[in-house]
Amino acid sequence: MKKEYFLRVYELVEQIPEGRVTNYGAIADALALGSARMVGWALSQSHQIEPLLPAHRVVNRKGELSGRHHFDPPESMAEQLRAEGIPIEDNAVLNFASYFWSPLEAIAQD
DNA sequence: GAGGTGACGTCGT
DNA sequence: GACGACGCCACCT
């Protein structure tokens, strides 16, 4: 069961509220994965399984859209974030700290 | 069964 | 402050 650990990342990312963003490290910490790389890797896997996953709400520690290149139209990641009211500039989230959403909240509710 | 990969993060120089 | 190297661990070939 635990082998499908990426499903946990899946569930968590799925709970990211609209207009909010989070980073890989926060998810890794929330799930006690121990490595943010696992989150990025998990998202890359989940992307092909469930494209509906709001992976565009997950960025790196600097708020940069590091995974934009994995989207079909790479710029769609920023477009979707902007559509949710999140300002994007130079492929990075402005006021990232202000829009940051802690995945721990999702776990707390669960 | 062993090696390589990866949407990152932290520490050291 | 910017750049480089290492660690981290599940999944794939």
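Chain letters run A, B, ... following the sequence lines, proteins first and then strands; every chain starts at 1.
- Taking each heavy atom of Met77(A) and Gly67(A) in turn, the nearest pair found is SD-C, 4.0 Å.
- Ion pairing of Arg82(A) with Glu79(A) is present here, as a side-chain N (NZ or NE/NH1/NH2) and a carboxylate O approach within less than 4.0 Å.
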Open item on the list: Using side-chain contact (heavy atoms from CB on, under 4.5 Å), reason through Glu14(A) and Leu53(A) one step at a time and then give a plain yes or no.
Closed with: CA-CA 6 Å; Glu14(A) 197 172 51; Leu53(A) 195 73; 4.2 Å; yes

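- Between the side chain of Thr22(A) and the backbone N or O of Trp101(A), at least one donor-acceptor pair lies under 3.5 Å.
- In this structure, Tyr5(A) and Ala42(A) approach most closely via the heavy-atom pair OH-CB, 4.1 Å.
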Open item on the list: For Leu43(A) and Tyr24(A): C-alpha separation, side-chain torsions, deciding distance, then whether side-chain contact (heavy atoms from CB on, under 4.5 Å) applies.
Closed with: CA-CA 10 Å; Leu43(A) 283 177; Tyr24(A) 305 95; 3.6 Å; yes

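- Against DNA chain B, the stretch residues 77-95 of chain A makes no heavy-atom approach under 4.0 Å.
- Between Trp41(A) atom CH2 and dG9(B) atom C1' there is a gap of 18 Å when expressed in whole angstrom units.
- For Ser44(A), whose side chain is taken as the heavy atoms from C-beta onward, the closest listed nucleotide among dC12(C), dA7(B), dG9(B) is dA7(B).
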TODO: Tell me, with the steps shown, if Phe96(A) and Lys62(A) meet side-chain contact (heavy atoms from CB on, under 4.5 Å).
DONE: CA-CA 8 Å; Phe96(A) 175 63; Lys62(A) 291 177 283 190; over 6 Å; no

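- Summarising the geometry, the separation between CG on Asp29(A) and C1' on dC8(C) is reported as 14 Å, rounded to the nearest angstrom.
- Across residues 61-69 of chain A, Arg61(A), Ser66(A), Gly67(A) each have a non-hydrogen atom less than 4.0 Å from an atom of DNA chain B (numbered order).
- Under 3.5 Å, the side chains of Glu84(A) and His56(A) contain a donor-acceptor pair of N or O atoms.
- Rounded to whole Å, the distance from CZ on Phe6(A) to C1' on dA10(C) is 10 Å.
- Residue Arg37(A) places no side-chain atom within donor-acceptor reach of the base of dG9(B), judged by atom type and a 3.5 Å distance cut-off alone.
- Listed here is the closest heavy atom pair of Met38(A) and Leu33(A): CB-CD1, 4.5 Å.
- Considering only the side chain of Met38(A), dG6(B) comes nearest among dC8(B), dA10(C), dG6(B).
- For the pair Leu33(A) CG and dA10(C) C1', the computed distance is 10 Å after rounding to whole Å.
- Summarising the geometry, the separation between CD on Gln45(A) and C1' on dG4(B) is reported as 14 Å, rounded to the nearest angstrom.
- Within the shown strands, nothing qualifies as a pairing partner of dG1(C) under the Watson-Crick or G-U definition with both distances less than 3.5 Å.
- As a whole-Å value, the separation of Phe96(A) CZ from dC8(B) P is 13 Å.
- Nucleic acid contact for Ala28(A): none, since no nucleic acid atom lies under 4.0 Å from a heavy atom of the residue.
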